[in-house]
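Residue numbers count from 1 along this sequence. Just so we're clear, the structure is a prediction, and the values are computed from it rather than from any experiment.
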Amino acid sequence: MSTARFDDLEIGDEMPPLDLDLARDFVAGHAGFLGMGFPRFTDDEGARREGLPGQITPGNLSLALLATALVGWLPGSRLLRLGTTFRGVALAGTRARVHAMITGKDDDARTLECDLWMESAEGDRLVIGTA
């Protein structure tokens with residue numbers, strides 16, 4: 001991923017999209033590490049028994065991937081606030097893409113406001129947020 005510098009950024013600038021592989025083992029491993037080894041996060045059949053279309057990505061993993069992408073784009077930055085809304089199911093075993101766009105800039109405080117989102121390979125916005 002290419003990186004950016006605060007002084008070079010303007011409102012409307014966008015982070016280069018970051019492609020993600022929501023591999024089943026990665027998702028299940030994350031869930032297990034956090035003590036969230038629930039069937040919805042570990043296997044398709046278990047998730048279907050809960051009425052889901054298949055194994056899903058935990059919301060906290062989606063949140064972490066958004067934060068990681070944003071901080072990776074702006075090395076040396078600190079994430080002061082991140083709020084999200086989950087609008088869809090991020091299925092394990094699929095690909096997703098993270099986007100961000102600068103919506104505010106305060107040169108004196110050296111802060112940025114960004115809209116960010118994770119979308120499915122089909123372009124459906126699964127998670128939206130502001131940072």
Side-chain angles (χ1 to χ4, degrees):
M1 166 184 275
S2 63
T3 60
R5 291 177 1 104
F6 179 86
D7 294 327
D8 298 333
L9 294 170
E10 300 297 332
I11 293 173
D13 286 348
E14 294 188 29
M15 175 184 85
L18 177 64
D19 289 318
L20 304 171
D21 180 4
L22 301 176
R24 293 176 190 284
D25 291 343
F26 172 68
V27 171
H30 171 85
F33 181 77
L34 293 178
M36 299 172 56
F38 309 115
R40 72 184 71 126
F41 304 134
T42 60
D43 66 272
D44 284 334
E45 288 308 310
R48 286 187 188 106
R49 283 192 300 274
E50 295 185 41
L52 296 163
Q55 179 188 358
I56 64 170
T57 302
N60 60 9
L61 177 53
S62 297
L63 182 69
L65 292 169
L66 288 172
T68 300
L70 193 57
V71 172
W73 180 44
L74 303 165
S77 64
R78 290 183 313 141
L79 186 60
L80 301 175
R81 177 184 46 79
L82 175 59
T84 58
T85 300
F86 298 95
R87 302 179 74 196
V89 175
L91 287 173
T94 64
R95 298 198 58 81
R97 181 173 273 187
V98 174
H99 298 268
M101 180 174 43
I102 297 171
T103 57
K105 182 176 181 181
D106 183 332
D107 288 313
D108 294 332
R110 295 191 62 77
T111 58
L112 298 171
E113 181 85 17
C114 297
D115 284 348
L116 62 164
W117 60 97
M118 178 189 293
E119 63 184 30
S120 68
E122 296 77 29
D124 297 324
R125 288 193 180 184
L126 305 172
V127 183
I128 59 173
T130 59

Nearest-0.5 Å distance, [atom1] of residue [X] to [atom2] of residue [Y]:
X	Y	atom1	atom2	result
H30	L22	NE2	CG	11.0 Å
K105	I11	NZ	CD1	8.5 Å
R40	L52	CZ	CG	7.0 Å
L126	T84	CG	OG1	12.0 Å
L112	L79	CG	CG	11.0 Å

**Study point:** Donor + acceptor pair across side chains of H99, E119 (<3.5 Å)
**Key:**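 Yes, a side-chain donor-acceptor pair sits under 3.5 Å.
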
Please give me the minimum heavy-atom distance between [X] and [Y], naming the atom from each residue.
X	Y	value
C114	I102	SG-CG1, 4.0 Å
I56	V27	O-CG1, 3.5 Å
A69	M15	O-SD, 3.7 Å
A47	G54	CB-O, 3.1 Å
L82	L63	CD2-CD1, 3.4 Å
T42	A28	CA-CB, 4.1 Å

Other residues, nucleotides, ligands: >12 heavy atoms within 6.0 Å of [X] [atom1]:
X	atom1	answer
R78	CZ	no
D106	CG	yes
R95	CZ	yes

Point to revise | Pair D43 + R48: basic N to acidic O under 4.0 Å | key: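 Looking at R48 together with D43, the answer is no, because their closest N to O distance does not fall below 4.0 Å.
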
Can [Y] be reached from [X] by stepping across I, L, V, M, F, W or Y side chains whose heavy atoms are under 4.5 Å apart?
X	Y	answer
F38	F33	yes
M101	L18	no
F86	L20	yes
F26	V98	yes
L70	W117	no

Close side-chain approach of [X] to [Y], heavy-atom, < 4.5 Å:
X	Y	value
T130	R81	yes
L65	V127	no
M118	R87	no
F6	L74	no
L91	P53	yes

So, [X] side chain and [Y] main chain: donor-acceptor pair closer than 3.5 Å or not?
X	Y	answer
T57	A90	yes
Q55	F41	yes
T85	I128	no

Check your understanding: Got a sec, which residues hit ring pair (Phe, Tyr, Trp, His ring centres under 6.0 Å) with W73, two or more places apart in sequence or on another chain?
Key ->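 Per chain and number, W73 pairs via ring pair (Phe, Tyr, Trp, His ring centres under 6.0 Å) with no residue.
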
